[in-house]
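Chain letters run A, B, ... following the sequence lines, proteins first, then strands; residues in each count from 1.
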Amino acid sequence: MLTTRPRGTNDILPGEVEKWQYIEEIARQVSGQFGYHEIRTPLFEHTELFLRGVGETTDIVEKEMYSFEDRGKRNITLRPEGTASTVRAFLENKLYANPQPTKLFYIGPMFRYDRPQAGRYRQFHQFGIEVFGSHHPSVDAEVIGLACEYLERLGLNQLKVHINTVGCPKCRPQYREALIKYFQDKKDILCKTCLGRLEKNPLRILDCKNTQCQELSLNAPTIQNSTCSECQIHFQQVQNYLDSVGIEYIVNPKLVRGLDYYTHTAFEILVQGIGAQSAICGGGRYNGLIEQCGGKPTPGIGFAMGMERLLLTLELQGISLIANYNNPEIYIATVGEETEQLAFRLAMQLRKKGISVEKDYLDKSLKAQMKTADRLNVKYTLIIGEEEFEKNQVTIRNMATSQQNKIPISDIISYIERSLRGK
RNA sequence: GUGGGUGUGGCGAAGUGGUUAACGCACCGGAUUGUGGCUCCGGCAUUCGUGGGUUCAAGUCCCAUCACCCACCCCA
């Protein structure tokens, strides 16, 4: 137990961590260019925030939250997603007082007590964006466009963008009724979970993976026939914007997102081959959420992207992220004790000059030190033995050409700078 | 929460119930005087996820437990 990480968590080790740095860097780059600013909120919040923000009937809240009582008897939950926290921070810090809309992004760990499997972990990471304060359809298109641009910049392809509208508080109740009416007399065919959904959230039945439920859904009333004209116009405008910049998408009337707060536009970006979890990005508009969290009525929209799934997809598509291993440029090999101390001082001086240096820490033989230098793939190895030490010299060996010569110790730093940087 | 699969050294991986648990890679050391990449030699699991049980004898059989993987569910 002592040497085992908790279930569903991962160590990101050297060699892997560089990939994370890269995809995070691109995320920041793209977000910046789109005019989004980073926000960092706590990893835990008051439990009520998620009950209210995510929705009490969602699976996340019903069975996936990491909740505990702190020493002050407060109910605390590790954040299962980023939107609720971002909304809270927006309200608490009165960001609505700034010119609107507010465009934010975040990158960080989320926590859900799920059963781990391919592409699903208990601690996972999301890159997400949120826009508060505009109901303009171009914002919907921009949010989708940002996601696409990011994925494209990473070199991903064969991604499918699914979009839908899930209606608004005006027309969704009617659609709900229509669905309930449709499924009511087919109760005996529906799966157990859908039976429950019929009461709580009939839209989710459309999303069921059960083949019988899917067949039933085929002839179910579609939301397009039930939405109000306002919703239809909005949805059409979003599509026009997407068309105008050549973003391809599929209108999927059965796309229903699992979080209660969505209104109008909902979308997902799907890939195949990374296991059963095929959504690498999901999002939509949530015009009622901010009000529900205690703010003035304010429209909002955003998405969240799963970084682990992103990396799985990159690997699957054979996209190698150039890992910038910080290989040292110089290795200092020594023979003897006094020389080791000299090596230490030299290393520190060179590093001050911005040169990466490695040395021996295990009193290895010269042969073994050379082997290490070779494996580190350094450009030059400095060799300091008794002979050099007495003459105040250092042997510098070019590892590629095997040529070496002796340099006075007083010149060695400038000599290395010249050799390495050409200055 | 439900179901299936797996569990041998740092990694990969052999191992019909019977003596010192193959092999490959990695790692460490060496092949005369202070020097890497090739080659050669040597070292590296009191132990087979853990705990019980069966047996004269278990990594090999049984039970339990834990962990990991995959799927359902749900989602990123």
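Taking the side chain of A/Lys364 as heavy atoms from C-beta on, and the options B/C68, B/U2, B/C28, the nearest nucleotide is B/C28. Closest to the side chain of A/Gln277, out of B/G37, B/C75, B/G3, is B/C75. Of the candidate nucleotides B/U35, B/U2, B/C70, B/C70 has the atom nearest to the side chain of A/Ala118. When distances are taken from the side chain of A/Arg397 to each of B/G36, B/C69, B/C75, the shortest belongs to B/G36. Proximity note for A/Gln126 (side chain, C-beta onward) versus B/A76, B/U35, B/G3: the nearest is B/A76. The side chain of A/Arg375 sits closest to B/C28 out of B/C28, B/A31, B/C68.
Atom CD1 in A/Ile332 sits roughly 16 Å away from atom C1' in B/U35 (whole-Å rounding). When rounded to the nearest whole Å, the span between NZ of A/Lys160 and C1' of B/A76 equals 19 Å. Rounded to an integer number of Å, the gap from CG of A/Asn10 to C1' of B/C69 is 13 Å.
With hydrogens and angles left out, the side chain of A/Gln369 and the base of B/U35 share no donor-acceptor pair within 3.5 Å. Between the side chain of A/Gln117 and the base of B/C73, at least one donor-acceptor pair of N or O atoms lies under 3.5 Å. Residue A/Glu64 places no side-chain atom within donor-acceptor reach of the base of B/G1, judged by atom type and a 3.5 Å distance cut-off alone. For B/C75, the base has a donor-acceptor partner in the side chain of A/Arg309 [N/O atoms by modelled type, under 3.5 angstrom]. Residue A/Arg120 places no side-chain atom within donor-acceptor reach of the base of B/C70, judged by atom type and a 3.5 Å distance cut-off alone.
Comparing the C1' positions of B/G24 and B/U46 gives a spacing of 24 Å, expressed to the nearest Å. Taking the P atom of each, B/U60 and B/G1 are spaced 29 Å apart, rounded to whole Å. Comparing B/G18 with B/U39, their P atoms are spaced 37 Å from each other, to the whole Å. With both ends at atom P, the span from B/G49 to B/G43 equals 26 Å, rounded to whole Å. Between B/G4 and B/C63, the two P atoms lie 14 Å apart (nearest whole Å).
Contact annotation: A/Lys367 side-chain N/O to B/G36 OP1/OP2 distance is under 4.0 Å. Between A/Ser402 and B/G36, a side-chain N or O to OP1/OP2 separation shorter than 4.0 Å is absent.
Salt-bridge annotation for A/Lys181 and A/Glu177: absent, with no side-chain N of the basic residue lying under 4.0 Å from a carboxylate O of the acidic one. Taking the charged nitrogens against the carboxylate oxygens, A/Asp360 and A/Lys364 have no contact shorter than 4.0 Å, which rules out a salt bridge. Between A/Glu69 and A/Arg74, none of the side-chain N atoms (NZ, or NE/NH1/NH2) sits under 4.0 Å from a carboxylate O, so this pair counts as no salt bridge.
If you check every strand for non-hydrogen atoms under 4.0 Å, A/Ala373 touches nothing. Using a 4.0 Å heavy-atom cutoff across all strands shown, A/Ile383 reaches at least one base atom of the nucleic acid.
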Pair A/Glu130-A/Tyr286, side-chain hydrogen bond (donor to acceptor under 3.5 Å, both in side chains): steps then yes or no:
CA-CA 10 Å; A/Glu130 316 287 352; A/Tyr286 43 83; 2.4 Å; yes

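No side-chain N or O of A/Gln404 forms a donor-acceptor pair with one of A/Thr395 less than 3.5 Å apart.
Checking B/U50 for Watson-Crick or G-U wobble geometry (two distances, each under 3.5 Å) identifies B/A64 as its partner.
A cation-pi contact, defined as under 6.0 Å to the ring centre and within 45° of the axis, links A/Lys186 to A/Tyr182.
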